[in-house]
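Have a look at the structure below before the remarks.
We count residues from 1, following the sequence as given. All values below come from the heavy atoms of this structure, side chains included, with hydrogens, waters and symmetry mates left out. None of the values given here were measured: they were computed from a predicted structure.
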Amino acid sequence: ESQNQQKEGDIRKREMSSASPQEEQHDDPLMVSISGIRGITGTSFVPAVVTKFVSAFAHLQDDHSEEQTIILGRDSRVSGPWVERMVQAILMARGYRVVSVGVVPTPTVQLMVIRQHARGGIVITSSHNPVEWNGLKFIDADGLFLSPDKCTVLFAEADANPTGRCWRSYQRLGSCEECSDAAQLHIDEILALEYVHVDTVKERRFRVCLDTVNGAGGRIMKQLLERFGCTVIGLNLEESGLFAHTPEPVPGNLGDLCALVKREKADLGIAVDPDVDRCVLIDESGEPLGEEYTLAIAVELVVGRCGKRGPICKNLSTSRVIDELGAKYGCEVINTPVGEIQVAKVMVERGAVIGGEGNGGVMLPDIHIGRDAPVAAALALELLARHGGSLSSLKQSLPQWSIVKLKAPLRGSDPDAVIALLKAKWQGRALLSDSDGLRIDTPEWWVHLRKSNTEPIIRIIGEAHDEPSILKTCEEFKQQMRRKD
């Protein structure tokens, strides 16, 4: 087992053990992983959990300098306000200057950490999880999420000192101030990219249907599109936190948006998740392009049309479309374990020109190295304007693969044992990667089997040119993953 696998395993073992005995007297999980902390508000995600992990983060980031800043933002979940006030209080009691940027995308907080030279950031969000969930994402001083090594230290500190330590006396308390222009800064930096031509996009006068699922993207996404001269037909733009549909931006949840695109005769539709780090596109006929093609379009623009050269990073669950584009333009494509920080740290190490994940997450170093839906939308509009045709024809100009994403419940199964058996079975018959679960590669198809960082499930993801055949293959693997011994 690789060192990285061991760290991942150690972190995942905490998923059901990081709560106190009082917090464990229920069936709701507290997910503790490199993707942060996530749980059900009122049962597994409670004030004691917030205190435990925020105070640990405050201790971890403390460099003992005179004034230390933490950027704090949140998505629009209805439980967000009480968590926000708790986080502010804990950080002030530890002597930090807290800059609260309000309801903004996660990538906006990442960008603000860099621009403010802060010690770190905290985002109160559970990303694509349903409305009853909430959580915490922790950002390091470089604007990236905490590395697996730092996560291990953070979780150990949280377990050792669940009520916190090193609280400041009255003479050394911190402060809290509000910042209302973080989203505007984010938009301005995107529009300042040298290969984003606002006037060219404006000439197309795109009609765009936008669904932000009542999350943190209502204002920033609408404002960004309007800066590009788009006519925006909004759906679920109110930042109420009462999600109009299951918030993960996958085709099965975007029926209303697809219908709206057709009814309004729009040029495209755009959907984002509640914390606005994932972006999914709908073509002019109301057909979803699929999450994978968001990153593919960004790669085609940056590497293909703009001529940038260098490594491209993606995770193991991301489409071969990216591999084919990399080969076409002479760029090395590097696969990493799943998780934004896993992709980000390799991007930094290898000097990647672009990266991301096949869930609609685009990571552009020219802005910051983090998944960013506003960036993804801007790059898509730029490429569509340069293409001159429809979004469906743009997709057809890219390599064509069909991906299937299935889930199986984690409870009642032994995925590690099954993965070990499958690894032995496929050894010598396919190219195998076990840095994150197990990925099986054949010339015709690939399948990736792994435990989720964000939900108590097993993910079964596969891809081939023929959708029916890969669906059948993935269903077969799903049945094998349900084995109890």
Side-chain angles (χ1 to χ4, degrees), residues 1-5 8-9 290-296 299-300 303 311-340 342-343 345-347 350 352 354-361 363 398-408 415-453 457-483:
E1 184 177 48
S2 69
Q3 186 179 20
N4 182 69
Q5 273 185 293
E8 289 287 311
E291 302 171 288
E292 305 295 321
Y293 279 90
T294 304
L295 178 57
V299 169
E300 174 65 23
V303 175
I312 302 166
C313 294
K314 67 180 181 71
N315 71 30
L316 286 163
S317 288
T318 298
S319 174
R320 279 183 181 170
V321 173
I322 308 303
D323 298 88
E324 292 197 13
L325 289 174
K328 178 180 179 180
Y329 296 116
C331 294
E332 179 186 11
V333 176
I334 304 166
N335 285 323
T336 78
V338 173
E340 180 177 320
Q342 302 284 20
V343 181
K345 68 181 184 178
V346 176
M347 290 180 70
R350 300 296 300 274
I354 193 168
E357 300 190 283
N359 56 10
M363 302 165 71
L398 300 171
Q400 299 298 300
W401 287 85
S402 294
I403 199 162
V404 169
K405 302 182 180 184
L406 304 181
K407 302 177 182 181
D416 294 331
V418 176
I419 284 174
L421 289 172
L422 288 171
K423 182 179 177 182
K425 175 182 176 180
W426 285 92
Q427 195 74 47
R429 300 171 55 195
L431 180 64
L432 304 182
S433 174
D434 62 358
S435 63
D436 182 6
L438 180 65
R439 174 162 159 155
I440 303 168
D441 269 276
T442 75
E444 295 79 24
W445 55 265
W446 61 265
V447 168
H448 189 200
L449 313 163
R450 60 180 297 275
K451 288 184 284 188
S452 171
N453 289 330
I457 58 171
I458 303 157
R459 297 193 187 277
I460 304 99
I461 299 176
E463 187 178 51
H465 288 300
D466 176 38
E467 184 173 353
S469 67
I470 192 60
L471 178 59
K472 180 182 178 184
T473 300
C474 286
E475 289 286 3
E476 291 170 354
F477 277 106
K478 181 178 178 178
Q479 292 304 315
Q480 294 177 71
M481 294 303 294
R482 285 175 166 166
R483 286 182 48 172

Relative to each other, are the rings of W426 and W445 parallel, tilted or perpendicular (30° and 60° limits)?
perpendicular

Drop me the distance from W401's CH2 to D466's CG, to the nearest 0.5 angstrom.
11.0 Å

Kindly compute the distance separating CD1 (I419) from CD (Q480), expressed to the nearest 0.5 Å.
11.5 Å

Does a side-chain N-to-carboxylate-O contact under 4.0 Å join K405 and E292?
yes

Got a second to check how far K345's NZ is from E340's CD, nearest 0.5 Å?
13.0 Å

Within 6.0 angstrom of K407 NZ, more than 12 heavy atoms from elsewhere
yes

Using only heavy-atom distances, determine whether the side chains of W446 and E463 contain a donor-acceptor pair under 3.5 Å.
yes

Only counting residues at least two apart or in another chain, list the ones meeting side chain to side chain donor-acceptor pair (under 3.5 Å) with E300.
Y329

Does I470 reach the side chain of V447, with side-chain heavy atoms less than 4.5 Å apart?
yes

Would a distance-only check, ignoring hydrogens and angles, find a side-chain to backbone donor-acceptor pair under 3.5 Å from T318 to K314?
no

Could you tell me the separation between the CG atom of L471 and the CD atom of E475, rounded to the nearest 0.5 Å?
5.5 Å

More than 12 heavy atoms of other groups within 6.0 Å of Q400 CD
yes

From I322 CD1 over to I334 CD1, what is the distance, rounded to the nearest 0.5 angstrom?
13.5 Å

Does this structure show an ion pair linking K451 with D436, if we count only N-O contacts that are shorter than 4.0 Å?
no

Salt bridge check, R439 against D434: does any charged N sit closer than 4.0 Å to a carboxylate O?
no

Non-hydrogen side-chain atoms of I461 and L406 separated by less than 4.5 Å:
no

Here's a test for you: under side chain to side chain donor-acceptor pair (under 3.5 Å), which of Q342, R450, E357, H448 qualifies with N315?
E357

